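The block underneath contains the structure these notes are about, expressed in structure tokens.
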Amino acid sequence: MYDTAIIGSGPAGLSAALNLKLHNKNFIWFGAESLSTKVEKSEKIANYPGLGMIAGPELNRRFLAQMEEMGICPTDKMVTTVMAGESGYQLLAENDFYEARTLLLAIGSAAAKGFQGEKELLGRGVSYCATCDGFLYRGKTIAVFCGDRRFEHEVSYLAELAEKVYFYTPYPEAEIDLPNAERLAKPICQVKGDARTEAILLTDQTEIPVDGLFCLRSAVAPTALLPTLAMDGAHIIVNRRMETNLPGCYAAGDCTGRPYQIAKAVGEGNTAAHSIIEYLK
């Protein structure tokens with residue numbers, strides 16, 4: 001049983017992890033080892049105190065150097081399910097279960113966005129985990145949203161099982177070259193079906209019949225993880241201690257709302273860590 005589980009390796013998650021490490025807390029940290037792609041793609045960052053004008057890749061390099069110095073590193077697995085219990089939270093990440101007394105959501109703003117119909121058909125043809133559910137679609141037709149290059153091996157894995165795979169990537173070049181895998185030219189905007197997933201709809205109104213849709217993103221939408229989490233539109237509602245409406249559950253960073261700034265995310269991650277430390281007492 002961990003003291004804390006952190007989901008998200010952006011500035012908020014990193015800030016919380018550093019503070020929890022300094023206070024000798026036992027935590028599991030989920031996210032990409034390369035940290036935030038949003039930071040990495042930032043051309044210039046001018047409002048981070050003490051650093052002057054700094055490029056995103058350089059800031060990420062400094063983050064990684066500090067992590068190495070502190071001896072911390074995220075576990076590169078996507079959490080697809082969270083269950084609240086009397087003693088804390090259980091998390092499922094790529095077929096492995098983890099337990100923690102407290103939970104910090106630092107999943108960014110993009111995770112709050114999903115396709116129309118995605119939430120309603122989750123578990124009925126919509127999945128977030130290729131290794132968990134891929135075997136269910138052996139010999140069938142599926143669609144895959146691949147949100148990051150690091151998930152391309154999962155698309156290839158699904159193509160080995162399915163008869164046909166339609167996949168879309170929001171980035172320009174994909175290294176997926178399999179005879180039964182077809183890249184979509186237009187983005188997916190909706191998943192359709194009544195009792196189960198029946199088709200996907202593209203932004204040009206093309207409808208493609210499929211048996212399932214795999215959404216491979218860096219994080220899952222907050223209400224997909226915790227349906228009873230209080231939200232204000234796409235953002236998680238928190239108080240000044242970064243507490244959500246669920247006991248022992250905290251949120252920090254872009255997922256709590258604007259401004260979407262690195263400095264704000266770092267501050268909220270720090271506050272959340274100290275609130276968690278106080279809660280654990």
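Everything quoted here is computed from the prediction, not taken from an experiment.
- Closest approach of A106 to G13, counting heavy atoms only: CB-N, 3.7 Å.
- Under the 4.5 Å side-chain criterion, counting only non-hydrogen atoms from C-beta, I28 is not in contact with L91.
- Looking only at side-chain heavy atoms (C-beta outward), C189 and Q116 stay at 4.5 Å or farther from each other.
- Atom CZ of R240 is separated from atom OG1 of T271 by 8.5 Å, given to the nearest 0.5 angstrom.
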Step by step, would you call T244 with L226 a side chain to side chain contact (heavy atoms under 4.5 Å, CB included)? CA-CA 11 Å; T244 71; L226 291 163; over 6 Å; no
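- D133 CG to F214 CZ: the interatomic distance, rounded to the nearest 0.5 Å, is 5.5 Å.
- For R196 and Y137, the positive end is not near the middle of the six-membered ring at less than 6.0 Å and at most 45° from its axis.
- Scanning both residues, G117 and V191, for their nearest heavy atoms gives C-CG1, 3.3 Å.
- Here the closest heavy-atom approach between residue P172 and residue R183 is recorded as O-NH1, 2.9 Å.
- When all heavy atoms of N95 and T131 are compared, the pair lying nearest together is ND2-O, 3.6 Å.
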Determine, step by step, whether M70 and L22 satisfy the side chain to side chain contact (heavy atoms under 4.5 Å, CB included) criterion, reporting the C-alpha distance in whole Å, the side-chain angles of both residues, the deciding distance to 0.1 Å, and the verdict. CA-CA 9 Å; M70 294 287 289; L22 287 168; 3.6 Å; yes
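- Between the T197 side chain and the R124 main chain, a donor and an acceptor come within less than 3.5 Å of each other.
- A heavy-atom distance below 4.5 Å is found between the side chains of L18 and I72.
- Within the 4.5 Å cutoff, no side-chain heavy atoms of Q66 are placed close to those of L14.
- Hydrophobic cluster membership differs between V39 and I7, with clusters built from Ile, Leu, Val, Met, Phe, Trp and Tyr side chains linked at under 4.5 angstrom.
- Environment of CG in D204: crowded, with over 12 heavy atoms of neighbouring residues, nucleotides or ligands closer than 6.0 Å.
- No side-chain donor-acceptor contact under 3.5 Å links T256 to the backbone of A252.
- Below 30°, between 30° and 60°, or above 60°: for F145 and Y168 the angle between ring planes is below 30°, a parallel geometry.
- Other residues, nucleotides and ligands contribute at most 12 non-hydrogen atoms within 6.0 Å of the NZ atom of K21.
- Under a 3.5 Å cut-off, the side chain of D232 and the backbone N or O of I237 do not form any donor-acceptor pair.
- Cluster annotation: M242 and I277 are assigned to distinct hydrophobic clusters (Ile/Leu/Val/Met/Phe/Trp/Tyr, side-chain heavy-atom contacts under 4.5 Å, transitive).
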Verdict with reasoning, L213 to I188, per side chain to side chain contact (heavy atoms under 4.5 Å, CB included): CA-CA 10 Å; L213 168 65; I188 301 167; 4.1 Å; yes
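- A donor-acceptor pair shorter than 3.5 Å cannot be found between the side chains of S34 and E40.
- At distances below 3.5 Å, not a single donor-acceptor pair connects side-chain atoms of N245 with backbone N or O atoms of L229.
- Following chains of ILVMFWY side-chain contacts shorter than 4.5 Å, one cannot reach I200 starting from I142, and the two form parts of different hydrophobic clusters.
- A cation-pi contact, defined as under 6.0 Å to the ring centre and within 45° of the axis, is absent between K264 and Y260.
- Judged by distance alone, the side chain of E152 and the main-chain N or O of E175 form a donor-acceptor pair under 3.5 Å.
- Between V238 and E268 there is no side-chain heavy-atom pair separated by less than 4.5 Å.
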The test is side chain to side chain contact (heavy atoms under 4.5 Å, CB included); show your working for H274 and H23 and say whether it passes. CA-CA 9 Å; H274 284 277; H23 285 81; 3.6 Å; yes
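- At least one side-chain heavy atom of Y166 sits less than 4.5 Å from a side-chain heavy atom of T141.
- If you chain together hydrophobic residues whose side chains sit under 4.5 Å apart, V144 and F115 never meet in one group.
- The backbone N or O of D3 lies less than 3.5 Å from no partner atom in the side chain of N26, so there is not a single donor-acceptor pair.
- Put simply, the side chain of N270 never gets that close to the backbone of N19: no donor and acceptor are under 3.5 Å apart.
- Panel note: side chain N180, backbone A162; a donor-acceptor pair is recorded below 3.5 Å.
- Distance check, rounded to the nearest 0.5 Å: SG of C255 to CD1 of I236 gives 4.0 Å.
- Taking both residues in full, the closest heavy atoms of Y128 and L122 are given as CE1-CD1, 3.4 Å, listed atom of the first, atom of the second, then distance.
- With hydrogens and angles ignored, the 3.5 Å screen pairs no side-chain donor or acceptor of R241 with any backbone N or O of Y250.
- Residues E58 and L51 fail the side-chain proximity criterion, which asks for heavy atoms closer than 4.5 Å.
- Cluster annotation: L92 and F30 are assigned to distinct hydrophobic clusters (Ile/Leu/Val/Met/Phe/Trp/Tyr, side-chain heavy-atom contacts under 4.5 Å, transitive).
- Distance check, rounded to the nearest 0.5 Å: CH2 of W29 to CG of D76 gives 11.5 Å.
- The CD1 atom of I262 sits 7.0 Å away from the OG atom of S36 when rounded to the nearest 0.5 Å.
- Taken to the nearest 0.5 Å, the OG atom of S127 stands 10.5 Å off from the CD atom of E118.
- For the pair E198 (side chain) and K192 (backbone), a donor-acceptor distance under 3.5 Å is absent.
- Here the closest heavy-atom approach between residue V266 and residue P11 is recorded as CG2-CB, 3.8 Å.
- Taking the side chain as every heavy atom from C-beta outward, V79 and Y98 never approach each other to under 4.5 Å.
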